[in-house]
Every structure is written in C-alpha cells, then in structure tokens.
Amino acid sequence: MSEPLLLVANLCKAFPLGGGFFGGGKRLLKAVDGVDLSLSRGETLGLVGESGSGKSTVGNCILRLLDPDSGSIAFDGVELAELTGQALIKARARMQVVFQDPQSSLDPRMTVGGIVSLPLRVQGRARGRELRERAAAALSEVGLGPECLDRYPHEFSGGQRQRIGLARALVADPAFVVMDEPTSALDVSVQAQILNLMAGLQQRRGHAYLFISHDLTVVRHVSRRIAVMYLGAIIETAPTDALFTHPAHPYTRALLASVPLPDPRKRRNLARLTGDVPSPVDLPPGCRFHPRCPEAMAVCACEAPPKVSLAAGHDVVCHLHSSG
Amino acid sequence: MPPRTLHPALRELALTVRILSRNPSAVMGGTIIAAMVFLALFAPLLAPYDPVRLSLPDRLLPPGGGHFFGTDELGRDIFTRVLYGARISLSIGLLVISVAGGIGALIGATSGYFGGKIDSVVMRVMDVILSFPSLVLALALAAALGPSLVNAIFATAFVMIPKFARMVRGEALAVREMPFVAASRVAGAGHGFIIRRHILPNCLNSAIVLATLTLGDAILIAASLSFIGLGAQPPTPEWGAMIASGRKFLMDQWWYATFPGLFILATVIGFNIFGDALRDVLDPRIRR
C-alpha cells in the first residue's frame with residue numbers, strides 16, 4: 001500500500017458548554033475523542049455512526065471548518081492542524097466538500113455557473129470566459145447541460161441541486177472530497193443516481209472520498225473500508241466485506257442487525273440495544289459502550305479497551321478481543 | 001415561462017414586478033411614489049411659475065385662478081414650490097437611505113459575520129444610538145453641525161444607520177452558518193469575498209424592504225429639521241420649511257401650510273404601504 005493521502009491521528013475536538021454565568025463549572029462536550037483515520041488516493045472510506053456520534057465533526061475538523069483541539073491531520077504530506085491564513089487556504093485547495101442539504105449548500109443569490117466556478121475563481125485559477133467554460137464542463141460531467149449556468153438553484157430539484165454541489169466539488173480537481181451525508185436528504189431513487197455518479201467520477205478522476213453517513217446500506221455500496229464511530233471514537237475499522245461478514249465489536253453487530261431487510265418473511269434475532277447513548281459530556285468510565293453492551297464484562301466498566309488488530313486492516317477497540 | 005435570453009438577475013426582477021403588480025397595496029403605494037417621482041423629475045416643465053421669484057402684488061392669493069394652490073406671503077406660487085419641493089424631499093430621502101443603508105449594511109454584515117467581541121462592541125454602540133428618539137438625536141446633531149441642508153442630511157443618515165446595521169447583522173448571523181459559506185471557505189474564499197458575495201447579497205431583500213419603509217421616515221425627519229430651521233434654508237422650496245413659514249398664516253390662509261403638508265403625508269404613506277407590500281412579496285416562503 002502506498003503512502004496514505006490523508007492521515008488523521010488522535011484527533012480531539014470538544015465544545016465548551018455555556019457553563020455557569022461566572023465562568024465556574026464550565027463543561028466540555030467531547031464530540032471527537034482521539035480519532036485515527038487513514039485514506040489512500042482514490043479510495044473511499046465510509047464513516048458511519050448514529051447522529052451525535054461526532055462523524056460530521058471529524059469531517060469538519062479535517063476540512064478545518066472547525067479547529068481541532070489536538071491531534072494531527074496530514075494531507076498529502078502537509079500538516080493541516082496548525083495552519084492558518086493563506087497557508088491553510090493553499091494547503092486546502094485540493095480538498096472539497098459536499099453537504100447533506102442540497103438546498104442550503106448552494107447560495108440562493110448566485111447563478112449555478114457562479115456557484116460551480118467559485119472554487120476556481122477564489123483560487124485565482126481561471127477568470128472570465130474560462131470560468132464559464134470550466135463550469136459548463138463540470139456540469140456536463142454530472143449530467144447537467146450548459147443551459148443551467150444562468151439559472152438559480154431554486155429552479156432545480158433536490159437531486160439536481162446535489163449534482164450541482166458535486167460539480168462544484170470536482171471543478172477544481174480535488175484529490176479528496178468529504179461527502180457529509182450527501183444522499184441523506186434525497187429520495188431513494190435519486191440516491192442511487194447520485195451514488196453511481198459519485199462512483200463514476202471517482203473512477204475517472206481518482207478522487208478519494210471520506211463518505212460520512214448513518215446509512216449502512218449506502219456506505220456498504222460505496223466504500224472499500226468502513227470506520228464505525230460511537231460517541232466520538234472509532235470503535236471498529238474494517239474492509240467493507242469483513243465488516244459485514246465478521247463484525248467484531250458488539251456495537252457494530254447491533255448496528256448491522258438494525259438494518260431493515262427487504263424481505264418481510266426473513267426474520268433475524270435482533271440484537272437490540274437497550275438504553276440511550278450516554279451523554280458525551282459525562283463519558284462513561286472504561287469502555288464508552290459498556291452501559292449498553294450486551295456482552296459487557298467487569299473489566300469494561302473500569303478499563304478503556306485497547307485497539308486490537310484482527311486481520312490486515314481490521315481493527316477493533318474492545319475487551320472481547322484483547323488476549324489477556 | 002420567462003424567456004431564457006434575459007440576464008438572470010433581470011429575470012428575477014421581472015418576476016418580482018409581476019408579483020407586485022398583483023398586490024393592491026403595492027400598486028397603490030407604487031402609484032403614489034411613481035407620481036411623486038414624475039412630478040419631481042418634470043417639475044420645470046409642469047410648474048407654471050418660477051419657484052423663487054417674488055411677486056408682492058400676488059401675495060397670499062387663495063387657490064384658484066392662475067394659482068392651483070394659492071400663493072405665499074411673498075407672492076410665490078405654492079404649486080410650483082411644492083413640485084420643486086418634491087425634488088428636494090425625494091433626493092434627501094434617497095441620499096439618506098443610500099448613505100445610511102450602505103454604511104449600516106457594511107457595519108452589520110461585518111459585525112455579524114465575525115461575531116465575538118467585535119460584534120458585541122459594535123452592537124452596543126448601535127444600541128446607544130438607537131436608544132435616543134431618532135428625531136431628537138438628529139435635531140441635536142443638526143444643531144451642533146449648524147443649520148444647512150447637507151448637515152440635515154448627514155444627521156438624518158446618522159440616526160438611520162443603526163436600523164440597517166441591526167437588521168443586516170441579524171441576517172448575517174444566520175447566513176454565515178449556512179453550508180454554502182462553509183463550502184466557499186473550503187474552496188479558499190477569504191472573509192472579504194464571503195461578506196461581499198454571500199452575506200451582503202443574502203441580506204439584500206430585507207435591506208430593500210427596510211430602505212423603502214424608512215424612506216418615508218427619512219423624508220419626515222429631514223422635513224422636521226427644515227421646519228425647525230435646521231435644514232433647508234430660505235428660499236429653498238422645501239416642504240418642511242414651507243410649512244414652518246405657512247404656520248403663521250394657518251388661521252387665515254390655510255392653503256399655505258396645507259399643501260406641502262399633504263405632499264409629505266402622501267409621500268410617507270406611499271413609501272410605507274409600498275414597503276409593506278414589498279416585504280410580503282420578497283419573502284421567499286410566499287414567493288413560490
């Protein structure tokens with residue numbers, strides 16, 4: 001395996017909660033607590049987790065839309081975590097993002113041509129007529145014609161808007177795109193179109209995707225590897241097939257069991273989880289999953305589990321698999 | 001479907017005009033405003049007399065005959081002076097709103113976009129200005145600067161700035177959290193670009209509505225300053241100043257102060273109802 005395009009190590013991000021009026025009792029919400037990720041060129045890594053697990057925060061920290069508290073983010077050999085100002089803008093030029101809501105991720109006051117060509121424009125890589133031509137080229141790659149250039153976003157449907165968002169993401173020829181739930185706001189039929197479009201673009205252009213989603217079936221469809229997040233930490237990373245055939249972490253198993261089956265006659269033993277996700281403000285001691293874990297042992301309540309490698313590329317953070 | 005050949009911004013404008021034309025109060029307010037603009041633009045052609053030439057034999061004539069609105073104590077035709085007054089009042093209103101709106105929007109957008117300490121300080125300053133009744137503050141300012149039309153305009157604009165700053169700041173707070181701003185930041189856009197291309201354009205609708213609604217106020221405040229003697233100086237045919245000098249004759253020559261007053265009333269009402277209608281029409285939730 002070649003050197004990874006993106007290497008995230010021990011990323012932490014906490015949000016201060018508005019504590020007492022006099023500054024006392026300020027508490028921290030640990031949204032991301034020691035996340036490691038790596039991503040090769042042209043690869044798709046799925047990042048799954050329920051809402052509130054911190055998966056979007058990871059994406060935003062990598063894009064430096066949020067400033068991480070600690071940890072390192074190496075992108076193409078450049079450390080991003082501490083960069084600011086022009087140096088950051090330069091280092092980030094080969095990153096892009098597609099957001100969940102196609103409505104609010106396009107400026108309603110700009111024409112589609114202006115929106116799509118914006119990355120080229122602010123990076124000073126094209127101007128005037130060339131901006132328009134490159135925007136038209138990007139639109140045609142996502143299956144939209146040049147007549148869209150002078151229209152406004154509200155004239156398009158949700159799926160079309162998401163295509164426009166994709167065109168904006170690819171126009172500046174990025175190496176890496178964060179897909180933050182890009183299909184969650186779309187109808188199922190449109191979802192499939194967008195996913196196929198993304199896969200096609202990746203094949204032609206060699207983009208690497210960080211695909212953030214709560215939808216396991218979607219993630220399975222697009223990702224080569226999957227990382228499962230729970231309460232701000234990655235609890236299992238595995239190649240997609242391995243994760244679906246031999247899930248190692250009890251949380252992953254529960255997550256897989258919760259995926260609805262299309263055939264109503266097939267019934268499974270649902271390893272249903274009880275209780276709610278604990279508050280990320282007061283993380284449980286030991287393993288963060290132990291209050292809900294069906295297989296919790298005594299050690300889980302007091303000792304944080306180590307990261308164990310089960311096979312090449314299959315890591316799990318769980319006492320069940322630690323030999324000793 | 002509108003033709004695709006038009007510039008996209010023009011297409012939006014055409015749509016707005018079409019929706020407005022179906023709104024009765026917009027039509028009414030718009031008609032009043034259009035009439036005022038027409039009278040102001042063509043005052044030299046429409047007015048039968050010279051607005052400043054004295055003619056003492058004709059002093060204080062009642063309406064009728066050669067003088068629709070009568071004459072004042074120096075024999076000047078009041079209809080003529082009211083028409084020329086429309087030029088002055090409308091220019092004052094537009095100037096005040098452009099200055100106050102421009103500066104206020106810039107302050108509000110910057111303050112709201114950056115937030116934090118800058119925002120708190122700027123907004124407290126705006127609150128202090130807002131805490132005075134605008135007429136009183138404008139009066140004090142105009143008095144301190146000395147009586148002249150330019151100073152009255154400046155004073156009126158100054159007291160209007162906080163309204164725009166507050167409104168735009170509120171919108172900026174919402175706009176800066178939008179994903180399209182985040183997408184632009186990732187793409188490499190700087191703060192200046194985001195404020196100019198994302199924040200300000202997205203505040204434009206509300207700013208236009210506020211500008212239309214406050215245009216009437218601006219004209220009223222400027223006229224009040226002139227009424228007191230702090231604005232337009234004689235012999236400038238300004239409505240406020242005309243009412244001030246007509247006040248002495250109100251008991252016997254009612255027409256002198258009444259006609260300029262009616263024009264102020266009509267203009268202010270025109271802008272207010274048009275602004276109200278515009279607010280409804282530009283609301284994107286009703287738009288489609």
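Naming: A, B, ... by sequence-line order, numbering from 1 per chain. These figures come from a predicted structure and were not determined experimentally. The figures that follow rest on heavy atoms only: side chains count, while hydrogens, waters and symmetry mates do not.
When atom types are taken as modelled, the side chain of B:Ser134 and the backbone of B:Leu130 share no donor-acceptor pair closer than 3.5 angstrom. Between the side chain of B:Ser21 and the main chain of B:Arg18, a donor-acceptor pair closer than 3.5 Å is present. A donor-acceptor contact shorter than 3.5 Å links the side chain of A:Glu155 to the backbone of A:Tyr152.
Taking 4.5 Å as the heavy-atom cut-off, the residues of residues 83-98 of chain A that approach chain B are A:Ile89, A:Arg92, A:Met95, A:Gln96, A:Val97, ordered by number. For residues 103-123 of chain A, the interface with chain B (any heavy-atom pair closer than 4.5 Å) comprises A:Ser104, A:Ser105, A:Leu106, A:Asp107, A:Pro108, A:Arg109, A:Met110, A:Thr111, A:Leu118, A:Pro119, A:Arg121, A:Val122, A:Gln123, sorted by residue number. Proximity to chain B at a heavy-atom threshold of 4.5 Å picks out A:Arg168 from residues 159-178 of chain A, in numerical order.
When side chains are defined from C-beta on, B:Ile92 counts as touching B:Leu149, because their heavy atoms get closer than 4.5 Å. Looking only at side-chain heavy atoms (C-beta outward), B:Asp276 and B:Thr212 stay at 4.5 Å or farther from each other. A 4.5 Å side-chain heavy-atom check between B:Phe180 and B:Asn202 finds at least one atom pair inside the cut-off.
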Considering only distance and modelled atom types, tabulate donor-acceptor pairs under 3.5 Å from the side chains of residues 101-114 of chain B, sequence neighbours left out.
from, atom 1, to, atom 2, distance (Å)
B:Thr110, OG1, B:Leu106, O, 2.6
B:Ser111, OG, B:Asp119, OD1, 2.5
B:Tyr113, OH, B:His191, ND1, 2.9

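Ranked by heavy-atom pairs under 4.5 Å with chain A, the first of B:Val186, B:Leu204, B:Val175 is B:Val186.
Between the CG atom in B:Asp280 and the CD1 atom in B:Ile19 there is a gap of 11.5 Å [rounded to 0.5 Å]. Taking CE from B:Met160 and CG from B:Leu210, the interatomic distance works out to 9.0 Å, rounded to the nearest 0.5 Å. One finds the OG atom of A:Ser213 at 5.0 Å from the CD atom of A:Glu181 (value rounded to the nearest 0.5 Å).
Classification of A:Lys55 and A:Glu50 as a salt-bridged pair fails, no side-chain N sitting under 4.0 Å from a carboxylate O. Taking a cutoff of 4.0 Å between a charged side-chain nitrogen and a carboxylate oxygen, A:Arg125 and A:Glu130 do not qualify as a salt bridge.
Annotation: B:Phe193, atom CZ; neighbour count of heavy atoms from other residues, nucleotides and ligands within 6.0 Å is above 12.
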